[in-house]
Each structure stands twice: as C-alpha cells, then as structure tokens.
Amino acid sequence: MTAPRSPAARAAELRLRLEDANYRYHVLDEPNIPDVEYDRLLRELDELETAHPELVTPDSPTQRVGNAPSAKFAEVRHAIPMLSLGNAFSDGEVQDFVRRIADRLDRPLPKFSAEPKLDGLAISLRYEHGAFVQGATRGDGTKGEDVTANLRTVKAIPLRLRGGKDGHDPLKLRGKDWPAVLEVRGEVYMPRAAFEQYNEHARLHGGKVLANPRNGAAGSLRQLDPRITAQRPLAFFAYGVGLVEGGELPDSHSATLAQLREWGFPVSNLTEVVEGADGLLDYYRRIGERRDALPFDIDGVVYKLDDFDDQREMGFVSRAPRWAIAHKFPAQEQATTVEAIEIQIGRTGAATPVARLAPVQVAGVVVTNATLHNADQIARLDVRVGDSVIVRRAGDVIPEVVAVIAERRPADALPWTMPATCPVCGSEIVREEGEAVWRCSGELSCPAQRKETIRHFASRRAMDIEGLGDKYVETLVDAGLVRGVADLYRLTRDQLLQLKLVLDADTPDALAASVQPHLPPEGSGAVLAAIQRLDAADEGWRAAALAQSIAFAWNPKKIATKWADNLVAAIDRSRDAALERLLFALGIQHVGESTAKALALWFGDLDLIRRLPWPLYKRVPDIGGEVARSLGHFFEQAGNQQAIDDLLTAGQVRIRDGHPPSAKLRDGLHLATLLVEAEIPTITNLRAQALTEVLPTAAGIVDAGPEAFTAAGLPEASAAALRDWLEQPGHPKLLLDGEAAIASLLALAPEADTAQAGPLDGRTVVLTGGLASMSRDEAGAKLEALGAKVAGSVSKKTHLVVAGENAGSKLAKAQELGIEIWDEAQLLAFLERHA
DNA sequence: TTTCCTCGAGTTCA
DNA sequence: CTCGAGGAAA
C-alpha cells in the first residue's frame with residue numbers, strides 16, 4: 001500500500017478491492033485473490049468501520065453478513081410486472097412458437113437469445129444511482145415480498161454497480177454509465193456442490209437437511225433472520241431488466257445481458273444467440289446433454305426474441321409475452337402421493353418397505369414404486385400413507401422419495417410402523433440387535449423367501465437357467481410343482497406346458513378359449529364344462545392340467561411347445577455347473593459371488609466344504625466369524641444337506657473343475673489355530689499354542705480338566721473359560737471334527753502351489769463403462785486369468801482402471817487419485833500380447 | 001478402537 | 001447405484 005491516508009479514503013479503496021474480487025469470482029469466474037486475502041481485507045474494512053461508524057454505507061461489503069431479524073416481509077409492488085412464461089414441452093410446440101413469430105414479423109429466421117432456465121427463485125433487484133436499494137421476490141408477478149436484507153447477503157449480487165460517473169475509480173474499472181434507476185431481474189439459486197456440502201454439514205451437526213437446491217434457495221430467501229441466509233451458499237444469475245429510468249439500455253436482449261455483466265452481474269455464459277426453430281432445438285439438445293454436468297439445476301431453457309423492437313411488435317397475451325417461451329426438460333422431480341406402503345420380503349427375509357405411488361412422469365418414465373430402504377429411512381422422512389411427496393430420479397436411475405410436503409398431509413395420516421408379522425407367511429418380523437433391517441423369521445416356510453431363493457438359484461450369475469423368469473417361479477411355487485431348488489430338475493415338459501396355460505390365461509374363460517382350438521369338435525363342450533367346474537371349485541391348476549392333456553393328446557403338434565422345450569434344455573444345461581456357481585446359487589447368507597469363488601478356490605471340493613466345522617472357513621481371506629458362522633449354520637440344517645444331495649443325485653447336477661485344496665491352506669493349519677478360530681473366550685494365539693504343546697490332540701483337550709489347562713500354561717480364569725466352553729453342547733464335537741478336517745486338508749493340499757505367475761499378479765483392476773468388444777464380465781474373467789484381482793470400486797489400492805464408453809464416477813475418482821487409466825484399445829492390445 | 005475398503009443385498013424401468 | 005456391514009489393517 002502507499003502512504004497512510006484518511007480512514008475514509010482507505011475504506012473506499014478497500015471496498016473497491018473487495019467489490020472487484022467479488023466480481024472476478026462471481027461474474028468472471030476468474031478469482032484474482034485467494035480467499036484468505038479476501039477475508040483479511042474484509043476484516044480490515046470491518047475494523048475501520050467499527051472505529052469510524054460514520055463511514056459505514058449500506059452498500060459496503062461488510063453489510064453482507066446480515067442484520068437482526070425483521071418481524072415479517074413488507075409488500076413490494078413491481079413497477080413493471082414480473083411475467084410468467086408460456087411453456088413448451090415438445091419440439092412441435094417450439095416450432096409453433098417460432099412460426100407465429102416468423103409470420104407476424106414477416107421474417108423467416110428470427111433471432112433469439114437462448115439461455116438455460118435455472119431451477120431457483122425469480123427476484124427483482126432495484127438500483128438507484130448505482131446502489132442496491134431493494135430486492136423483492138416475484139410473488140404473484142405484481143406484488144412480491146421485500147427480501148432486501150436477505151439478498152444483501154448473497155455475494156454474487158453486487159451492492160454497487162461497477163463503472164459509473166462519479167469518477168471515484170482508482171482501479172479503472174470498465175463499464176458504461178448506469179441509469180439512475182435500474183431494476184435487474186434474475187434467479188437466485190443454490191449451486192449443487194454447495195447444496196451437497198451444506199447438507200453434509202447439516203447431517204453431521206444435526207441441522208435441518210434441505211430437500212433440494214431449489215427448496216434450499218427458496219427457503220433461505222424467506223428466512224426472517226438474514227444472519228441465517230448469510231450462511232446459506234446462494235448464487236445469482238441476471239437474465240433481464242425491469243424498470244429503467246434516467247438512462248439507456250442497448251436495443252437487444254443479448255446486448256443488455258452483456259451490459260449487465262459489465263455492471264457487475266453474473267450472467268450465464270451458456271447464453272447464445274441462435275436463429276429459427278432449428279437453432280432453438282439444437283440449443284435445447286446441446287444444453288440437455290450437458291445438464292447433468294452443470295454445477296446447478298436447470299429445468300429447461302428459455303428462448304427470447306433478441307431484438308427489443310421485435311419484442312414490442314409481438315406484444316403480450318394476458319400476462320405472458322408472445323416473444324418468449326420456456327422449453328422444459330422432462331422433470332427430474334415430481335410431486336405425487338403415497339397410495340400405500342407395502343412390505344417386500346427378500347431372499348434373506350429382509351422386509352423392505354416400498355412406497356406405491358400415484359403414477360407420475362419423472363425424467364421421461366412413469367414411476368409407480370419407490371423403495372423406502374428401511375424403517376429408519378421412513379422415520380427420518382416421516383413418510384405416511386396419503387402424504388404428498390417429492391420423487392426424484394436424477395443422475396442415477398432409481399427413483400427415491402426425497403421429501404414429504406408437510407403442508408399437504410391429510411389430517412388423519414398416521415405415522416407408519418413396521419408390521420409385526422410377515423404379510424406373506426404370517427411369521428413374526430424381528431430385528432437383530434444393532435441391525436437396521438427387519439426380517440421375516442419364517443425362513444423357507446415363507447413362500448416369499450422360497451420364491452426368492454429359487455429365483456436367485458436360477459439367476460444368470462448363479463446357475464443361469466435362461467427363461468425361468470420371476471413369473472414362472474411364482475407360478476411353479478404356487479402350483480406346488482417346485483418346493484425347493486432340486487425340484488427344478490424334476491420338471492417335465494408336460495408340466496411346463498400346463499404351467500404355460502395357467503400363466504397365459506388367468507380366468508377360466510380365457511383358459512377355455514386358449515384350449516378350444518385344440519379340442520376335438522365333438523367333445524369340446526364337455527371338456528370346457530369340466531374346466532369351468534374345476535375352476536369353480538378353486539382347482540384352477542387341475543383345470544389347466546386337464547385342458548392341456550386333452551388338447552395335447554388330441555393335437556400334439558399345434559400347441560406351442562418351443563418355450564417348454566427351451567426351458568427344459570436350459571435346466572438341463574445348468575446341470576453342468578462350476579463349484580463356485582453352485583455355492584453362490586445356494587443362497588447362503590453373506591456368501592455372494594466373491595466369497596463363493598474364494599471358497600471354491602481354497603477348498604476345491606463341495607463334499608469337503610459342506611462338512612467343514614465352521615471355524616475352518618475363516619482360513620480363507622476375507623471370511624471372518626460372521627460369514628463362517630453363516631456357512632456353518634447353513635450346512636448344519638438337515639434340510640439344506642438334503643437339498644444338496646437331492647441336487648446331486650436326483651437332479652444329476654455335476655460339478656466341474658474339482659481340484660485339491662489350495663496349498664496356501666496349509667499355512668499355520670493346526671489344532672491351536674482351530675482353538676483360536678472357534679472364538680473361545682480368553683483363548684489367544686499364544687495361549688492356544690502353549691496349550692497344544694502339552695495337550696496335542698483334541699481328544700486330550702476335551703477330556704482334560706481345568707487343572708490340566710493351568711498346568712499347560714493357561715491362567716486360571718482362562719482355564720475355567722475353556723472348560724465352560726467345552727461343557728456347551730456341540731463344542732467337544734466341534735473340536736474333534738475340526739481336528740479330523742485339518743488332518744484331511746493337510747493330506748489333500750499339495751505342498752506348494754504350482755500356479756505360475758501371471759502378468760497382472762497382485763494387481764487390482766477396476767472396470768467401468770461399457771466395452772464394445774465384450775461384456776465387462778468377460779473382460780474381468782480375462783484379466784483374472786492373467787492374475788489380476790477385479791474389484792468393483794476405485795480406491796487407493798487400485799492399480800489400474802479400464803474405462804469404456806460413458807464411464808462415470810469411477811473414472812472421475814481414478815483421475816482424482818492419479819491411477820493409471822486404459823481405454824478399450826489399450827486393454828485389447830494388452831490381452832492380445834498376453835493371449 | 002478406528003478407519004478404510006470390499007462385498008452383499010436390494011431396487012426400478014425399458 | 002447406494003447403503004450397511006463385515007473384514008483387515010493401522
């Protein structure tokens with residue numbers, strides 16, 4: 001700084017510097033000083049003003065912090081009404097709009113200014129002699145609310161216009177003289193990143209979470225306490241002017257926006273001047289493509305006839321201009337009502353509440369269902385049946401309930417609670433201590449769980465029975481043809497044909513109609529009567545069987561059998577299964593694809609796996625107590641063992657790729673390990689080793705008393721704990737069986753692994769986006785064959801990311817972490833080299 | 001014990 | 001794709 005000056009001069013200089021920094025940050029998007037520097041200058045100005053209160057001006061940057069709350073908002077009458085715009089939802093409507101204008105102006109290609117339509121709150125800002133004096137909401141267009149104090153806190157809104165005629169301009173700011181009175185119209189909004197950040201903070205500190213950026217902006221502006229508004233991350237874009245007195249504006253909309261920008265207002269840099277309907281539609285498409293990537297929410301684009309003379313010529317219809325229109329995108333959010341909250345029972349019994357919604361168009365599709373995740377989520381949102389809610393289907397595909405519109409709640413709506421019993425089987429619904437999910441306790445006696453189990457078994461990633469969709473599983477189970485997975489392998493072609501008839505015709509009349517063409521003309525009446533009778537007796541299944549067998553006996557060729565043939569063939573194909581697929585298909589809790597693969601790799605053999613004492617599963621990396629117990633629990637059930645036997649014998653399921661246990665399994669595999677893995681209280685690694693040196697066999701330990709344990713080096717309390725443990729039913733057997741299993745594992749496992757090193761050994765690879773030459777699964781399998789570990793998400797431990805078409809967040813994360821990234825060509829070249 | 005990373009499970013619609 | 005929770009490392 002130069003020589004000391006009067007406080008007044010210094011204050012003026014500080015204000016200019018702060019205003020300039022603000023302008024560069026919010027309008028030009030080219031910050032010229034760091035945040036800390038800005039804060040320092042602001043603090044200096046604040047101190048100066050505190051020392052010399054007479055220097056404080058209403059447009060000083062220090063006045064943005066917000067003053068004491070007001071009781072309510074005053075009414076403001078807009079000198080020039082804030083108009084609403086007509087809407088266009090289709091190309092056709094836009095073409096009509098342009099045609100009307102072209103006809104009236106008698107010009108084929110009128111010029112338009114096109115800009116994004118921000119999803120925020122329209123406001124009007126009044127400047128007198130360059131100073132911001134009043135800001136108002138749009139209200140009904142004629143009268144709004146005075147929110148000046150709140151708008152003052154929005155840093156993107158200039159408190160004083162740049163340029164000007166009073167000559168106090170040491171920084172030589174550019175700009176034209178502004179009118180004596182100027183009203184600027186624009187949109188206050190909350191940038192997405194700021195919204196996320198704000199909510200993150202609110203969640204951590206128990207504050208109020210905002211439903212979406214738009215509500216955030218609207219709610220913030222309507223705060224009676226401007227100090228609260230000051231904390232909200234609001235921004236602003238100018239898009240027009242209202243009253244202008246004592247000055248001139250350019251003669252077109254685009255030039256006016258450029259002028260506003262010079263005066264210090266943020267103006268969207270997506271604004272363009274385009275010609276004719278094609279120009280507009282092209283603009284719409286280009287903005288639409290960028291929509292998700294923009295830093296703020298938009299709900300469409302706005303087209304305005306650029307030339308003001310043209311605008312005047314077009315005039316108005318009622319309250320909307322004929323020279324402008326809003327072209328809306330399909331809404332990403334919609335309001336709808338909750339018609340019911342139903343419970344879905346998953347494969348594991350998880351009871352998931354799902355909201356049945358009155359159908360609404362959201363982002364181009366009709367949404368009728370939205371998951372509510374769990375009871376906690378419902379409680380957090382306080383969703384009730386009958387509520388009006390906001391549904392979103394944003395960047396991701398899956399609709400979610402964002403918020404409840406509290407004002408529209410019916411008076412009699414009751415808080416929702418999880419039902420006590422399963423809606424399908426009537427078993428109790430319970431929640432494990434510390435878990436978020438409630439589960440139906442019915443297990444396989446619950447038809448819902450049985451169906452899900454079978455569906456899972458047949459799914460693509462499991463046994464891959466093509467053609468066995470949800471509906472067929474449902475009907476097969478309901479008909480009693482399939483009770484367990486092994487029954488699938490007993491299905492005959494005839495049974496499937498019967499099933500098909502039931503599925504295709506769910507009323508007796510439809511059933512009769514579908515078989516009639518196949519029936520012998522002379523017996524047709526009698527057969528149809530029989531079907532009706534059986535159906536009336538609620539024996540629809542028998543009716544279908546009867547109809548099918550008669551029809552088929554009469555006319556075997558004409559009944560469509562291809563579907564049944566295909567399904568029988570698909571079931572047959574699945575008999576030849578890899579061990580890991582079968583393990584996954586069994587649907588053991590906590591055992592997904594990855595765990596199933598690891599089990600297959602380490603133990604190699606189903607007979608071994610299904611009889612293993614549970615602590616030994618923990619020898620596999622990534623399998624801990626919880627998963628091991630779950631495996632043990634599954635194989636303990638006689639029904640499950642029976643089902644496996646059934647699959648292998650009656651079902652003729654053959655397992656491919658049997659191999660000996662992994663050599664790595666040998667490491668540290670002895671009785672002491674077993675004692676530790678069995679999670680016996682107080683038995684640590686060291687103690688177990690000391691113990692097994694004195695008592696080297698399971699039988700010895702089972703028979704020994706506490707004295708023997710203390711003699712073997714255990715502290716007294718530990719010896720007692722071990723004895724207690726051994727008193728529990730099943731525990732001695734666990735030790736004895738475990739010892740036997742260890743012996744056989746050691747006998748079966750080879751001394752050293754013979755697998756040779758692949759080029760990607762020990763490397764973690766993540767695949768994202770779509771590949772043209774193969775599916776992600778295929779690519780993953782090829783990479784695994786070369787020794788890579790294919791993971792699902794990017795982290796610090798990832799070595800390589802292969803990004804295909806339309807890669808999303810994972811690619812971004814990889815770039816952020818500086819991880820090596822390949823495109824498809826590089827992947828193919830690599831696979832080629834190592835084929 | 002805390003923190004980070006994976007895996008499992010559940011979900012919507014064309 | 002997201003959430004919750006299991007597993008392992010720090």
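Predicted model, so just to flag it, every value in this text is computed and none were measured. All heavy atoms count here, side chains included; hydrogens, waters and symmetry mates do not.
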Parallel, tilted or perpendicular: which one describes the rings of His731(A) and Trp725(A), with boundaries at 30° and 60°?
parallel
Which one, dT12(B), dA9(B), dG7(C), comes nearest to the side chain of Asp622(A)?
dG7(C)
From C-beta outward on Thr348(A), which listed nucleotide comes closest to its side chain: dG7(C), dG10(B), dT11(B)?
dG10(B)
When you measure from the side chain of Thr595(A), which nucleotide among dG7(C), dG8(B), dC13(B) comes out closest?
dG8(B)
Tyr284(A) and His327(A) aromatic ring geometry - parallel, tilted or perpendicular at 30°/60° bounds:
parallel
Can you see if the side chain of Gln589(A) gets near the phosphate of dG8(B) - specifically, an N or O under 4.0 Å from OP1 or OP2?
no
Base, sugar-phosphate or nothing for Val627(A)? Non-hydrogen atoms, less than 4.0 Å.
sugar-phosphate
Between dC1(C) (C1') and Arg392(A) (CZ): distance, integer Å:
14 Å
Side chain of Asn369(A) only, please: which of dC13(B), dT11(B), dG10(B) is the nearest?
dC13(B)
Does Thr352(A) place a side-chain N or O at less than 4.0 Å from the phosphate oxygens OP1/OP2 of dT11(B)?
yes
Side chain of Val354(A): nearest nucleotide among dC7(B), dT12(B), dA9(B)?
dT12(B)
Quick one: does Ser630(A)'s side chain have a donor or acceptor within less than 3.5 Å of a partner on Glu626(A)'s backbone?
no
Any side-chain to backbone donor/acceptor pair from Asp464(A) onto Arg461(A)? Under 3.5 Å, distance only.
no
Nearest-Å distance, NE2 (His799(A)) to P (dC5(B))?
13 Å
